[in-house]
Amino acid sequence: MTTVADLVDLFESEAARDRPAEETPDVGVIMGSDSDLDVMAGAHDALTDLGFTEVTDYDDAPSGYSFESWVVSAHRTPDLMYAYAETAVDRGLDVVIAGAGGKSADLPNMTASLAYPLPVVGVPVQEKSVDSVIGMPTGAPLTAVDAGKSYNAGLSAAQFLATDDPELADRLRDLHADRRDGVAEVSSDLHTRGTERFRADRD
Ligand code: RP5
């Protein structure tokens with residue numbers, strides 16, 4: 001059985017290994033509970049749409065951009081949250097996406113404070129989490145997306161990386177163009193089929 005202490009040790013030993021940048025994940029995706037995963041899966045989808053690969057074994061690094069996923073609970077495993085955030089830079093992460101639900105969704109802003117100045121993109125997993133995620137006092141900011149908009153969090157994380165990489169910026173532009181083309185396609189489809197047929201075919 002894996003314990004919290006095992007994970008703390010893993011993050012600390014990875015930080016001490018000083019692996020070259022191409023062998024470490026670029027983006028960390030963390031969430032307060034696996035019950036957040038259905039909402040947080042948007043970050044995975046955006047990153048994979050952009051060609052990122054998920055790292056599931058630190059000793060088997062994929063080529064190109066990559067990300068990792070973990071459950072880190074601010075209220076049940078504060079020691080794990082500290083270890084994750086405090087080792088994030090040394091483990092090679094460039095951006096962290098942090099999502100949590102509940103009225104007191106502390107994981108994103110605590111991670112932003114502990115990992116500062118690493119950029120953190122906060123995802124309020126529920127509508128009632130918005131205030132606690134965006135309400136960071138002056139000094140250790142985080143970027144936040146709207147409730148449930150984890151796909152945007154994935155895009156934001158890639159935007160941070162793309163400031164330094166024209167090829168990734170092109171991938172972001174292409175994805176944007178695809179979504180634009182999608183509107184033209186559905187618009188034409190609705191118009192030519194008519195509302196009744198369009199709705200029946202869609203359902
Ligand atoms: C938060 O409490 C988590 O982010 C989750 O949204 C919520 C409920 O957690 P579980 O009871 O599913 O573990 O910390």
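Atoms within each ligand, like the ligands themselves, are counted from 1 in listed order.
Contacts of D201 classified as salt bridge (charged side-chain N to carboxylate O under 4.0 Å, His left out), with partners at least two apart in sequence or in another chain: R193, R197.
Close approach of ligand 1 to A100 is summarised as follows: ligand atoms under 4.0 Å from at least one heavy atom of the residue are 4 (O).
Considering both main-chain and side-chain atoms, S73 never comes within under 3.5 Å of ligand 1 through any nitrogen or oxygen pair. Taking distance alone, with nitrogen or oxygen atoms compared against 3.5 Å, G102 stays at or beyond that limit from ligand 1.
Remark: minimum distance from atom 9 (O) of ligand 1 to any protein heavy atom is reached at S33 CB, 3.5 Å. Annotation: atom 1 (C) of ligand 1 to nearest protein heavy atom, G101 O, 3.6 Å. Protein heavy atom in closest approach to atom 6 (O) of ligand 1: D36 OD1, 2.5 Å. The protein heavy atom nearest to atom 8 (C) of ligand 1 is S35 OG, 4.1 Å.
Closer than 4.0 Å to atom 11 (O) of ligand 1 lies none of the heavy atoms of the protein.
In this structure, a donor-acceptor pair under 3.5 Å is absent between the side chains of E14 and T87. D6 and T3 share a side-chain donor-acceptor pair at under 3.5 Å.
A parallel orientation is assigned to the rings of F52 and Y65, their planes being inclined by less than 30° (bins at 30° and 60°).
Using a distance-only test at 3.5 Å, with no hydrogens or angles considered, no donor-acceptor pair links the side chain of S129 to the main chain of P124.
Taking the charged nitrogens against the carboxylate oxygens, R171 and D174 have no contact shorter than 4.0 Å, which rules out a salt bridge. Under the 4.0 Å criterion applied to side-chain N and carboxylate O atoms, R17 and D59 are assigned as salt-bridge partners.
Hydrophobic clustering (side-chain heavy atoms under 4.5 Å, transitive across Ile, Leu, Val, Met, Phe, Trp, Tyr) keeps I97 apart from L80.
The shell of residues lying under 4.0 angstrom from ligand 1, judged by heavy atoms, excludes V125. Distances shorter than 4.0 angstrom do not occur between any heavy atom of Q126 and any atom of ligand 1.
Of all the listed residues (R76, H75, M40), H75 holds the heavy atom that lies closest to atom 14 (O) of ligand 1.
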